[in-house]
Chemist: 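Below is a structure I'd like to ask you about.
Bear in mind the structure is a predicted one, so any value in this text is a computation, not a measurement.
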Amino acid sequence: MSEQLPSSGREMAGKPAGSGGWVRRHRVEVIFGGLLVAFLMVAQVPMLKATASRLLGIGPPEDGIPWRSDFANAVAESRQTGKPILLDFWASWCPPCQAMKYDAWPGEGVRQAIIAGYIPLSVDVDAAGNAELSGRYRISTIPAIVVIDADGKVLKQDGYMSRSTLLAFLARPRP
């Protein structure tokens with residue numbers, strides 16, 4: 001009869017090979033992976049909340065922003081008032097767009113900043129007639145928040161924003 005030799009030094013020390021050795025050896029990766037998963041879950045909360053609300057038939061809260069839908073009229077109003085135009089490019093199927101409708105746009109500070117300083121224009125990228133406007137401003141991802149002057153020159157732009165980031169964006173001086 002042949003005698004079996006231990007397959008690892010741990011078995012020699014009286015510990016089976018599978019007793020938590022992998023976790024100890026990969027502790028940093030396990031910790032980093034856990035933190036990454038937690039971060040991603042937290043980052044997705046607004047989109048998950050908006051999606052769940054839509055599935056339950058709960059519409060977004062009223063934002064109180066006087067959104068315009070006609071670009072030519074917004075340009076005329078911008079020329080008359082001197083306020084730049086704030087274009088919100090969005091779609092009903094876009095989770096980040098919907099998250100902004102539920103969490104970023106509704107808020108007294110956002111409403112006041114927009115009314116005081118901008119002509120707000122809502123642009124549904126899927127609506128008839130908005131393809132030309134989306135193409136003019138090279139919109140390739142949504143949401144896209146673009147601020148233009150009355151001549152159509154882009155002053156600043158960004159994508160998805162939380163309420164606090166949107167407030168900072170609105171307050172940021174234009175070039």
Side-chain angles (χ1 to χ4, degrees), residues 36-175:
L36 180 61
V37 167
F39 171 76
L40 291 174
M41 288 176 67
V42 168
Q44 294 301 317
V45 166
M47 275 154 272
L48 294 172
K49 178 181 169 187
T51 301
S53 295
R54 287 185 64 214
L55 290 173
L56 294 171
I58 302 169
E62 178 59 42
D63 60 24
I65 299 169
W67 293 103
R68 280 66 161 184
S69 58
D70 183 274
F71 182 71
N73 287 342
V75 169
E77 189 176 347
S78 176
R79 288 191 196 289
Q80 182 181 14
T81 63
K83 293 179 181 179
I85 302 166
L86 177 106
L87 299 122
D88 173 25
F89 291 91
W90 63 278
S92 61
W93 48 264
C94 166
C97 301
Q98 297 307 310
M100 286 189 72
K101 286 188 180 293
Y102 282 85
D103 292 326
W105 297 116
E108 189 58 26
V110 170
R111 186 185 69 76
Q112 288 176 359
I114 290 174
I115 289 173
Y118 299 91
I119 307 299
L121 181 70
S122 178
V123 184
D124 180 348
V125 297
D126 291 331
N130 286 339
E132 188 274 328
L133 190 58
S134 298
R136 179 185 309 174
Y137 292 103
R138 298 184 178 124
I139 302 304
S140 59
T141 61
I142 54 175
I145 312 304
V146 182
V147 176
I148 62 171
D149 64 16
D151 296 322
K153 178 184 170 202
V154 175
L155 304 175
K156 58 184 175 176
Q157 66 186 65
D158 211 328
Y160 170 80
M161 292 180 262
S162 66
R163 185 178 299 168
S164 60
T165 306
L166 180 58
L167 280 168
F169 173 83
L170 295 169
R172 192 170 70 219
R174 298 177 288 277

Chemist: Taking Lys83 for the side chain and Ile115 for the main chain, is one N or O donor matched with an acceptor at less than 3.5 Å?
Modeler: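 Yes, the answer is positive, given that a donor and an acceptor are paired below the 3.5 Å cut-off.
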Chemist: Can you name the residues that form a salt bridge (charged side-chain N to carboxylate O under 4.0 Å, His left out) with Arg163, not counting sequence neighbours?
Modeler: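 For Arg163 there are no salt bridge (charged side-chain N to carboxylate O under 4.0 Å, His left out) partners, ignoring immediate neighbours.
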Chemist: Start with the C-alpha gap between Trp105 and Trp67, add the side-chain angles, then the distance that decides, and say whether ring pair (Phe, Tyr, Trp, His ring centres under 6.0 Å) holds.
Modeler: CA-CA 11 Å; Trp105 297 116; Trp67 293 103; 4.9 Å; yes
Chemist: Contact between Leu87 and Ile148 at the side-chain level, heavy atoms closer than 4.5 Å - yes or no?
Modeler: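 In short, these two side chains touch, coming nearer than 4.5 Å.
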Chemist: Does some side-chain heavy atom of Thr141 sit less than 4.5 Å from a side-chain heavy atom of Tyr160?
Modeler: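 No, their side chains stay 4.5 Å or more apart.
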Chemist: If you look at every heavy atom in Val110 and Leu167, which pair is closest and at what distance?
Modeler: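 Answer, listing the atom of Val110 first, then Leu167: N-CD2, 3.5 Å.
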Chemist: Between Met100 and Gly159, which heavy-atom pair has the shortest distance, and what is it?
Modeler: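 Result for this residue pair: SD-O, 4.3 Å.
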Chemist: Is the side chain of Asp158 donor-acceptor paired with the backbone N or O of Ile145 at a distance under 3.5 Å, no angle test?
Modeler: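 Not confirmed, Asp158 side chain does not pair with Ile145 backbone.
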Chemist: Give me each pair satisfying salt bridge (Lys or Arg N to Asp or Glu O under 4.0 Å) with a member in residues 135-144, each pair once, sequence neighbours excluded.
Modeler: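 Listed once each, the pairs are Glu132-Arg136.
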Chemist: How long is the straight-line distance from CD1 of Ile119 back to CD1 of Ile85, given to the nearest 0.5 Å?
Modeler: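 Spacing of CD1 (Ile85) from CD1 (Ile119) equals 7.0 Å.
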Chemist: What pair of heavy atoms forms the shortest contact from Trp90 to Cys97, and how long is it?
Modeler: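 Closest approach of Trp90 to Cys97: CA-SG, 3.7 Å.
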Chemist: Atom CZ of Arg172 and atom NZ of Lys156: how far apart are they, to the nearest 0.5 Å?
Modeler: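 Answer rounded to 0.5 Å: 5.5 Å.
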Chemist: Would the number of heavy atoms belonging to other residues, nucleotides or ligands and lying under 6.0 Å from CD of Gln80 be above 12?
Modeler: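 Count not over threshold, so no.
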Chemist: With no hydrogens and no angle check, is any side-chain donor or acceptor of Asp151 less than 3.5 Å from a backbone partner on Lys153?
Modeler: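 No, because the side chain of Asp151 does not come within donor-acceptor range (under 3.5 Å) of the backbone of Lys153.
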Chemist: Examine distances only and state if a side-chain atom of Tyr118 and a backbone atom of Leu170 form a donor-acceptor pair shorter than 3.5 Å.
Modeler: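 Yes; judged by distance alone, with no hydrogens or angles, the pair exists.
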Chemist: Nearest 0.5 Å please: distance from the CG atom of Asp103 over to the CD atom of Gln98.
Modeler: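 CD of Gln98 is found 11.5 Å from CG of Asp103.
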Chemist: Closest heavy-atom contact between Leu155 and Pro84?
Modeler: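 Reported closest heavy-atom pair: CD1-CB, 3.9 Å.
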Chemist: Identify the residue among Leu133, Ile139, Asp88, Leu86 that makes a side-chain contact (heavy atoms from CB on, under 4.5 Å) with Val146.
Modeler: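 Result for side-chain contact (heavy atoms from CB on, under 4.5 Å) with Val146: Ile139.
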Chemist: Just how far is it from atom CZ of Phe71 to atom OG of Ser78, taken to the nearest 0.5 Å?
Modeler: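 Answer for the CZ-OG pair, Phe71 versus Ser78, is 9.0 Å.
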Chemist: Does Ser122 reach the side chain of Arg68, with side-chain heavy atoms less than 4.5 Å apart?
Modeler: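 The answer is no, as the side chains (C-beta and beyond) never meet within the 4.5 Å cut-off.
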Chemist: Of all heavy-atom pairs between Ala150 and Arg79, which one has the smallest distance, and what is that distance?
Modeler: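 The answer is O-NH2, 3.2 Å.
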